[in-house]
Amino acid sequence: MAAVTSLSFTAVAQSPDRKLSARTYLSSNSDAFKFRNTVSYDSSIFRASSSTRMVVHCMSTPTDLPPTVYQTKSNFLKAFKRPIPSIYNTVLQELIVQQHLMKYKKSYRYDPVFALGFVTVYDQLMDGYPSDEDRVAIFKAYIEALNEDPAQYRADAQKLEEWARAQSPSSLVDFASRDGEIENIMKDIAERAGSEGKFSYSRFFAVGLFRLLELTKASDPTILDKLCAALNVNKKSVDRDLDVYRNLLSKLVQAKELLREYVAREKKKMEERAVSQKASEAVTKCLGEYETYRR
């Protein structure tokens, strides 16, 4: 199973084909700590002797500090306590670290395209998971560990998918010329992405764009260029992250095939051991009956 446990995003990032680096940057927050010092003087205690008394009140008023990566991972593990096979768990742990760093950037703001991207990655990753119930529970524990709403992720992803299925590639790109719930969401993203420090691009956002193109059945490669331009998003970053995503899917398919082969082999061994055990028991029983008959 060595091949299975090497599937972290960091490992994928080191492959020549697809670079999903686990490096993400958390913006420094110079306002993380604020101190307010108040100095009060009691004038009534001044005497001719010039003796004075100064009362200094120091009050630290830290703003709400984000949780640490450790706390986020701990929240996930507390919410879902059953063991997760390493092929899934290795990638999940990498993802939650990356998403934690994205979430607590000063410029982060949840948007449905990001949600669609994450849901797409998660569903691809967990395809074939042994338990459907656990797959749902893991998703819930993961999103709640990041202090977000798993139901909103699913609802927004579904809403965007339904909208995209009704679009043509050209109407997808031309969202700014129309009014509508999703169109307004896209326009808001474009406005924020075009402003300094108001938009936090991420790999999940890139996958969300890819999913939109997929659902509109876009085959012209220039459509992605036009969509990125309309959203004020860097096309090179999107290309890079989509390459990473495709490479990850390829590696997951290979790893899951290895896992299926391993499970099949173990199942066959168990069946062979069971048959052997039954045969041994039958021989023992026959010998016992034979000895009884001889007596």
Side-chain angles (χ1 to χ4, degrees), residues 9 12 18-21 24 91-92 94-96 98-103 105 107-127 139 142-143 146 148-176 180-194 198-221 223-249 252:
F9 268 26
V12 172
R18 187 175 168 107
K19 314 291 187 237
L20 180 52
S21 170
T24 50
V91 182
L92 281 172
E94 290 280 352
L95 284 177
I96 202 167
Q98 290 183 26
Q99 195 163 346
H100 171 99
L101 297 176
M102 295 173 199
K103 164 73 189 294
K105 274 186 174 182
S107 57
Y108 172 80
R109 185 171 136 191
Y110 170 89
D111 69 65
V113 177
F114 174 92
L116 175 60
F118 175 76
V119 168
T120 300
V121 171
Y122 181 85
D123 288 347
Q124 291 280 359
L125 167 64
M126 301 299 283
D127 180 48
F139 181 87
Y142 180 107
I143 298 298
L146 292 158
E148 293 192 313
D149 183 357
Q152 183 181 18
Y153 268 71
R154 285 291 182 188
D156 285 346
Q158 182 178 355
K159 192 182 300 182
L160 269 180
E161 287 182 334
E162 290 171 355
W163 175 81
R165 288 189 182 97
Q167 304 302 312
S168 66
S170 59
S171 67
L172 171 65
V173 171
D174 196 32
F175 64 84
E181 182 183 5
I182 304 302
E183 287 85 354
N184 290 339
I185 288 171
M186 301 288 276
K187 284 188 273 190
D188 176 67
I189 291 171
E191 182 180 349
R192 289 188 292 112
K198 292 187 177 181
F199 178 75
S200 181
Y201 169 81
S202 70
R203 296 181 177 96
F204 294 130
F205 185 85
V207 175
L209 294 184
F210 176 77
R211 181 63 177 150
L212 291 176
L213 292 172
E214 194 174 48
L215 291 169
T216 59
K217 297 181 170 56
S219 57
D220 182 354
I223 294 296
L224 180 58
D225 297 60
K226 294 175 182 177
L227 183 59
C228 289
L231 288 168
N232 296 314
V233 174
N234 187 304
K235 170 68 162 41
K236 289 183 179 179
S237 296
V238 173
D239 282 338
R240 178 195 64 218
D241 291 331
L242 291 182
D243 283 344
V244 174
Y245 173 61
R246 295 186 192 101
N247 188 259
L248 173 66
L249 293 184
L252 282 172

So how far is it from [X] [atom1] to [Y] [atom2], rounded to the nearest 0.5 Å?
X    : Y    : atom1 : atom2 : value
R192 : S200 : CZ    : OG    : 9.5 Å
I189 : L209 : CD1   : CG    : 8.0 Å
I143 : D149 : CD1   : CG    : 9.0 Å
I223 : L212 : CD1   : CG    : 12.5 Å
L172 : K217 : CG    : NZ    : 13.0 Å
K159 : I182 : NZ    : CD1   : 6.0 Å

Quick check: closest heavy atoms across [X] and [Y], and the distance to 0.1 Å?
X    : Y    : answer
A206 : Y201 : CB-OH, 3.2 Å
T120 : L116 : OG1-O, 2.7 Å
L160 : P112 : CD1-O, 3.2 Å
L215 : A164 : CB-CB, 3.8 Å
P169 : T216 : CD-O, 3.6 Å
N232 : A190 : ND2-O, 2.8 Å

**OP:** Evaluate side chain to side chain contact (heavy atoms under 4.5 Å, CB included) for V113 paired with L231, printing each intermediate quantity in order.
**Re:** CA-CA 11 Å; V113 177; L231 288 168; over 6 Å; no

Original post:
Passes side chain to side chain contact (heavy atoms under 4.5 Å, CB included), D111 versus F199? Steps please.
Top reply: CA-CA 10 Å; D111 69 65; F199 178 75; 4.2 Å; yes

**OP:** Apply side-chain hydrogen bond (donor to acceptor under 3.5 Å, both in side chains) to E148 and Y110, showing your working.
**Re:** CA-CA 9 Å; E148 293 192 313; Y110 170 89; over 6 Å; no

Subject >> Sequence-distant partners of A230, side chain to side chain contact (heavy atoms under 4.5 Å, CB included), two or more places apart >> reply: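 Once residues adjacent in sequence are excluded, the partners of A230 under the side chain to side chain contact (heavy atoms under 4.5 Å, CB included) criterion are F175.
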
Subject >> Student check: side-chain heavy atoms of I96 and L92 closer than 4.5 Å >> reply: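 SC-SC contact between I96 and L92 ruled out.
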
Original post:
Any side-chain heavy atom of L224 within less than 4.5 Å of one from L242?
Top reply: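 With C-beta onward as the side chain, the pair touches.
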
**OP:** Go through F210 and F205 one step at a time and tell me if the ring pair (Phe, Tyr, Trp, His ring centres under 6.0 Å) criterion holds.
**Re:** CA-CA 9 Å; F210 176 77; F205 185 85; over 10 Å; no

Subject >> Side-chain ion pair, R109 and D188, N-O less than 4.0 Å >> reply: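 Yes, this pair counts.
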
**OP:** Look at R211 together with E214 and state whether they make a salt bridge at an N to O cut-off of under 4.0 Å.
**Re:** yes

**OP:** Would you please test E181 and W163 for side-chain hydrogen bond (donor to acceptor under 3.5 Å, both in side chains) and show each step?
**Re:** CA-CA 10 Å; E181 182 183 5; W163 175 81; over 6 Å; no

Would you say [X]'s side chain and [Y]'s backbone share a donor-acceptor pair under 3.5 angstrom?
X    : Y    : answer
D156 : A115 : no
D127 : D123 : no
S171 : Q167 : no

Original post:
Is there a ring pair (Phe, Tyr, Trp, His ring centres under 6.0 Å) between F118 and Y142 once you walk through the steps?
Top reply: CA-CA 11 Å; F118 175 76; Y142 180 107; 4.9 Å; yes

**OP:** Apply ring-ring contact (aromatic ring centres under 6.0 Å, His included) to F114 and list each qualifying residue two or more places apart in sequence or on a separate chain.
**Re:** Y108, F204

Original post:
For K235, does the NZ atom have more than 12 heavy-atom neighbours from other residues, nucleotides or ligands under 6.0 Å away?
Top reply: yes

Original post:
More than 12 non-hydrogen atoms from neighbouring residues, nucleotides or ligands closer than 6.0 Å to CD on Q152, yes or no?
Top reply: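 More than 12 heavy atoms, drawn from other residues, nucleotides or ligands, come within 6.0 Å of this atom.
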
Original post:
Is it true that the NZ or CZ of R154 lies under 6.0 Å from the centre of F139's six-membered ring and within 45 degrees of the ring axis?
Top reply: yes

